[in-house]
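Hydrogens, waters and symmetry mates play no part in the numbers below; they use all other heavy atoms, side chains included. Letters go in sequence order (proteins before strands), and every chain restarts at 1.
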Amino acid sequence: MSIKQRLAKLNPRQQEAVRFIDGPCLVLAGAGSGKTSVITTKIAYLVQECGMSARKIAAVTFTNKAAREMKERVGQLLQGREGHGLTVSTFHTLGLNIIRGELKTLGYKPGFSLFDPEDAKALLRDLMQKDAQIDADQISRVQSQISTWKNDLVLPGDALSHAADDDEQFAARVYEAYNRHLKAYNAVDFDDLILLPVVLLRDDPEVLARWRRKIHYMLVDEYQDTNVSQYLLVKLLMAERATFTVVGDDDQSIYAWRGARPENLVTLGEDFPRLNVIKLEQNYRSTGTILRAANTLIANNPHVYEKALWSELGPGESIRVVVNRHEEAEADRVASEILTRRIKERAEWRDFAVLYRGNFQARLLELKLQHYQIPYKLSGGTSFFSRNEIKDAMAYLRLLINPADDNAFLRIVNVPRREIGPGTLEKLANYANDQATGRGISLFAACHEIGLEQVLPARAVDRLGRFTHFIDGVRRRMDSGDAIAAIRDMLREMDYEAWLHQNASAPTVAERRMANVWTLIDQLEKSMERNAEDSATEDSDSLETETDGVEAAISRLVLRDILEQQAEEDDSDRVQLLTMHASKGLEFPHVYLMGLEEDLLPHRNAVEAGTVEEERRLAYVGITRARRTLTLTLARQRKAYGELLDCTPSRFLDELPPDDLDWEGRADKEDPEKKQARGKDAIAGLRSLLG
DNA sequence: CATGCCCCATTTTTT
DNA sequence: ATGGGGCATG
């Protein structure tokens, strides 16, 4: 199909969004309004109609999944080599590529490590333990504070001088030490993937010019989720030329607690007065009733840009509200209803989704689904990467490509057992950090030094020597030929499987863990192959081209770029259990929203923190997932913190159009005092909003 | 392999 | 309070 035919299939607003290319463009895309079509068609339009080279275009998303889907859809629109060199990636991968391209300027060495949040936490623990007795909670708080600073483009020096209280002073000092150590380890963390490029582009005109030459047009998905650093990255790259399209929906901003700045939508209009704002309000997903509910609910939030979704799909069924005696009845009700509705509607299991506020709510539901033998898929859960065997394997990979990665070194120097104990390691660390020797060197490097014999017994030196010799040998093999084969041989040679068997409760457990490790290596190999193909067909000019295989592939592994796809490929027919957060971007014919109670949705903490508006958006996201039917459930009583609590129906229920709701199980009269109390609450909330 | 004990978290977590 | 997962032990 030609691009003209594609365009003809879009509605007038969508067409305008695609055709407008001479300046800054903001597409306010309501839920289900076909924003992905707009982005993908626009990329094809830029290439086919405007003659722009695909390698000058970068489309940026937040998740690997979104990037993959977009890539695939663009691939269907573009023919042959038209799409070569096109960048469709997450913010983090784009940042990673910029860093890889500017290593020298940034002062990093090839093979630098990418610390995931767990690695970062381990480092913080080390740094903070020196000070005092520190609990895990404190470490987490400092970690999130540092992350917030990095997201807000606050560097350690600024943090130190602006710290408001003792806690922040402390965190700022840790921040400074943390960054210093990352640098010494030749490592960056996730937030650095955005922060470092931004600082570099801001401060180095040459680098900025280079990247502006590489990227002529940017498209940003889920723009309302960008944080300060991410917005600056876009702004720096696009600058006066202002050739970009950002797509977002302020009503679907549910990640402010993680640094997202929905106000970037407003900032954009201020920074780019010529901004062309295009609203997509026609919804192709839900019935009129569902949309009216969503519109009515979200009208309770303040808006910079008013937006009203409409649909041609007809009114559809009423929204059912089911009040249950207690949480168990609620779970049972949802499960049994899915069972009957599947027959009645001739639906499949995959047509149903159950959405809730917190993961713990899934427990009871799981039991009930099992009881009725309903197949289900639970989102979340322990990730592949938090498995110990995967962390071990990743540590080996990291140490192989980055000998300065002390974290990786410490994790695996004695795994499997090499009789290298804490005493040896402490002395080694002292030696490596010894200022008297004139420099701080990495643990791995220290193992090679003659001077070690002064501080460690010969036996210990020997064991360390064997380990480093082993690793060095693998490195040489990797450099001189088949890197993946070298890695596989390494795992076999040190008999990692035997170690797993020693530590597993059952042989089957160990076998499963070893299989996980092989899966990891297989994925690494695939990733490298894919990359090699890309590189062979593309100019060296392209952003995504990486010729230095293993290093890049391992970074992508840390960014979860691969691996999860197999989970997705598992498209078996099952009911989906999701948090409302996890449901964003998805849609289902039949949606159940559980726990519509005060303290749960909106969550108590959110009410206390004064962020009810975000909770309302969360409910809005949940509602707009539904195509045909929507069922809201709640319980009158619920066990929490070991107590049986009476629940109050969520204020959001009062904010839905009463005529569209079909109540079931509501007591004839609600306790009038409670209702009044809730009314007052709402008024108070409104006041605080206005004041 | 089964049992029992201890500790954990009860708000969301794209990378 | 409570349930569940991880881990050690028999």
Tell me: [atom1] of [X] to [atom2] of [N], nearest whole Å?
X: A/D221; N: B/dT15; atom1: CG; atom2: C1'; answer: 15 Å
X: A/N227; N: B/dT13; atom1: CG; atom2: C1'; answer: 14 Å
X: A/L378; N: B/dT13; atom1: CG; atom2: C1'; answer: 15 Å
X: A/Y620; N: B/dT12; atom1: OH; atom2: P; answer: 23 Å
X: A/Y356; N: B/dT13; atom1: OH; atom2: P; answer: 9 Å
X: A/D119; N: B/dT15; atom1: CG; atom2: P; answer: 16 Å
X: A/Q252; N: B/dT12; atom1: CD; atom2: C1'; answer: 16 Å
X: A/F115; N: B/dT15; atom1: CZ; atom2: C1'; answer: 16 Å

Counterpart residues, side chain to side chain donor-acceptor pair (under 3.5 Å), relative to [X] (two or more places apart):
X: A/S229; answer: none
X: A/Y356; answer: none
X: A/Y223; answer: none

Indicate, with a heavy-atom threshold strictly under 4.0 Å, whether A/D225 touches base, sugar-phosphate, or nothing.
-> base
Using a 4.0 Å heavy-atom cut-off across all strands, classify A/Y255 as base, sugar-phosphate, or nothing.
-> base
Considering heavy-atom distances to DNA chain C, does A/N388 or A/L367 have its closest nucleotide positioned more toward the 5' end?
-> A/L367
Ring centroids of A/F62 and B/dT15 base under 5.5 Å with planes under 30° = no
Hey, would you say the A/F62 and A/F91 ring centroids sit under 6.0 Å apart?
->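 Yes - the distance between ring centres of A/F62 and A/F91 falls below the 6.0 Å cut-off.
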Only one of A/H603, A/H581, A/E613 forms a side-chain contact (heavy atoms from CB on, under 4.5 Å) with A/L618, so which one is it?
->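 Exactly one option meets the side-chain contact (heavy atoms from CB on, under 4.5 Å) with A/L618, and it is A/H581.
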Qualifying salt bridge (charged side-chain N to carboxylate O under 4.0 Å, His left out) pairs with a residue from residues 357-366 of chain A, counting only residues at least two apart or across chains |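 Qualifying pairs, neighbours excluded: A/R357-A/E615.
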Which pairs with one or both residues in residues 225-234 of chain A pass salt bridge (charged side-chain N to carboxylate O under 4.0 Å, His left out), sequence neighbours excluded?
-> A/D225-A/K584
Using the P atoms only, state how far B/dT11 lies from B/dT15, rounded to an integer number of Å.
->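 Taking atom P in both B/dT15 and B/dT11, they lie 23 Å apart.
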Protein-nucleotides 9-11 of chain B N/O pairs under 3.5 Å:
{"residue": "B/dT11", "atom": "OP2", "partner": "A/H603", "partner atom": "NE2", "Å": "2.9"}
{"residue": "B/dT11", "atom": "OP2", "partner": "A/Y641", "partner atom": "OH", "Å": "3.3"}
{"residue": "B/dT11", "atom": "O4'", "partner": "A/H603", "partner atom": "NE2", "Å": "3.3"}
{"residue": "B/dT11", "atom": "O2", "partner": "A/R357", "partner atom": "NH1", "Å": "3.0"}
{"residue": "B/dT11", "atom": "O2", "partner": "A/R357", "partner atom": "NH2", "Å": "2.5"}
{"residue": "B/dT11", "atom": "O4", "partner": "A/N605", "partner atom": "ND2", "Å": "3.4"}

